[in-house]
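Here's the structure, in structure tokens; my notes come after.
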Amino acid sequence: MRIIAGKYRGRRLKSPPSRETRPTSDRLRETLFNILAPRIKGARFLDLCAGSGAVGIEALSRGAAHATFVDQSRQMCALIEANLGELTVDENEAEVVNDEAAEFLLRRAKKEGSPFNIIFFDPPYESDYDDILEEMGDENGVLLTTEAIVVVEHHKKKELKEAFGVLHRYRTLKQGDSVLSFYQAT
């Protein structure tokens with residue numbers, strides 16, 4: 001895995017040691033960031049179910065102001081921290097949280113920290129996405145800025161609803177077995 005563009009362009013990232021983690025392919029990441037390009041500069045980015053952290057690190061490389069990486073695996077969090085360290089990412093630009101996605105969102109909503117402009121959600125394909133997407137789309141809106149985007153990576157055979165609370169799907173993009181569903185807060 002490598003960083004595709006921005007200040008860390010061409011730098012290699014350490015890969016997950018097992019096949020259980022399915023990293024977002026370089027090609028799909030490139031497509032994703034071509035779409036997100038106008039929104040990335042200065043954004044607060046959440047990489048939820050971060051795995052290796054490649055997506056959040058790509059966001060930082062392309063000008064995001066801050067990236068939060070959340071993964072339930074201690075091993076993956078250590079890998080993300082190692083990748084951030086290799087790139088000498090400023091500690092004020094990144095936060096790594098070892099937590100389940102739903103638990104993180106619930107705590108974050110109660111804490112009312114700075115809302116996110118972009119959330120990238122890439123859980124294991126067999127996961128139930130709905131509860132977490134409902135939490136993100138909660139009417140209270142403490143997790144998302146106005147006009148925030150949530151991008152969900154899922155298997156092409158998995159159908160997601162058109163809307164989750166204030167989040168409404170406006171685009172899908174298929175590439176191989178993966179689909180990116182783009183939701184925007186309205």
Side-chain angles (χ1 to χ4, degrees), residues 3-6 22-71 80 93-97 101-102 104-109 111-125 127-156 158-175 178-186:
I3 301 299
I4 298 159
R22 172 196 36 78
T24 301
S25 71
D26 287 358
R27 185 171 162 224
L28 189 58
R29 254 187 307 122
E30 184 171 16
T31 302
L32 168 67
F33 281 97
N34 286 341
I35 293 166
L36 295 179
R39 298 172 174 264
I40 263 311
K41 189 130 183 93
R44 294 189 57 77
F45 193 95
L46 172 60
D47 191 348
L48 195 58
C49 301
S52 68
V55 174
I57 293 171
E58 187 77 40
L60 288 171
S61 182
R62 292 175 183 240
H66 188 272
T68 301
F69 301 86
V70 178
D71 202 278
I80 294 165
E93 293 178 5
E95 174 187 18
V96 180
V97 181
F104 170 80
L105 293 174
L106 287 171
R107 268 196 285 286
R108 184 65 181 246
K111 185 170 96 173
E112 293 190 27
S114 298
F116 298 103
N117 304 99
I118 302 170
I119 297 177
F120 181 74
F121 178 46
D122 181 17
Y125 281 169
S127 298
D128 180 18
Y129 292 54
D130 290 3
D131 289 343
I132 292 171
L133 288 167
E134 289 291 349
E135 181 65 32
M136 285 185 218
D138 187 298
E139 302 294 332
N140 295 329
V142 295
L143 293 171
L144 303 169
T145 61
T146 55
E147 299 183 12
I149 290 179
V150 175
V151 182
V152 185
E153 183 177 341
H154 56 96
H155 193 272
K156 65 182 179 184
K158 185 170 200 82
E159 290 293 322
L160 298 179
K161 295 190 306 189
E162 290 294 317
F164 294 94
V166 299
L167 295 174
H168 296 274
R169 185 168 51 205
Y170 68 92
R171 180 177 189 171
T172 56
L173 184 128
K174 296 178 184 172
Q175 199 170 80
S178 298
V179 176
L180 296 177
S181 288
F182 292 79
Y183 291 85
Q184 185 159 12
T186 54

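L105 has its side chain out of reach of D138: every pair of non-hydrogen atoms, C-beta onward, lies at least 4.5 Å apart. Two residues are said to be in side-chain contact when any heavy atoms from C-beta on lie closer than 4.5 Å; T172 and S181 meet this criterion. Residues F45 and I40 form a side-chain contact, since some pair of their non-hydrogen atoms from C-beta on lies under 4.5 Å apart. No side-chain heavy atom of I35 sits under 4.5 Å from any side-chain heavy atom of V151. A heavy-atom distance below 4.5 Å is not found between the side chains of E58 and L32.
Residues L167 and M136 come closest through the heavy atom pair CD1-CB, 3.9 Å. Residues I118 and R39 come closest through the heavy atom pair CD1-O, 4.0 Å.
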Q: Show the numbers, then the answer: is there a side chain to side chain contact (heavy atoms under 4.5 Å, CB included) between L106 and E135?
A: CA-CA 8 Å; L106 287 171; E135 181 65 32; 3.4 Å; yes
Q: Under the side chain to side chain contact (heavy atoms under 4.5 Å, CB included) rule, what do L28 and L173 come out as? Steps first, then yes or no, please.
A: CA-CA 10 Å; L28 189 58; L173 184 128; 4.2 Å; yes
**Q.** Candidate pair R108 and F116, rule side chain to side chain contact (heavy atoms under 4.5 Å, CB included), full reasoning
**A.** CA-CA 11 Å; R108 184 65 181 246; F116 298 103; 3.4 Å; yes
Q. Can Q184 and H168 be said to form a side chain to side chain contact (heavy atoms under 4.5 Å, CB included), step by step?
A. CA-CA 5 Å; Q184 185 159 12; H168 296 274; over 6 Å; no
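Side-chain atoms of S61 come within 3.5 Å of backbone N or O of A5 as a donor-acceptor pair. In terms of modelled atom types and a separation under 3.5 Å, the side chain of R62 and the main chain of L36 share no donor-acceptor contact. A donor-acceptor pair under 3.5 Å links the side-chain atoms of K158 to the main chain of S127, judged by distance alone. Put simply, the side chain of E153 never gets that close to the backbone of D122: no donor and acceptor are under 3.5 Å apart.
Screening Y129, F164, F104 against F121 for a ring-ring contact (aromatic ring centres under 6.0 Å, His included) leaves a single residue, Y129.
Taken from CD1 in I57 to CD1 in I4, the straight-line distance is 12.0 Å, to the nearest 0.5 Å. In this structure, L60 CG and I3 CD1 are separated by 9.0 Å, a value rounded to the nearest 0.5 Å. Interatomic distance, L160 CG to D130 CG, rounded to the nearest 0.5 Å: 7.0 Å.
A salt bridge links E134 and K161; the closest N-O separation between the charged side-chain nitrogens and carboxylate oxygens is under 4.0 Å.
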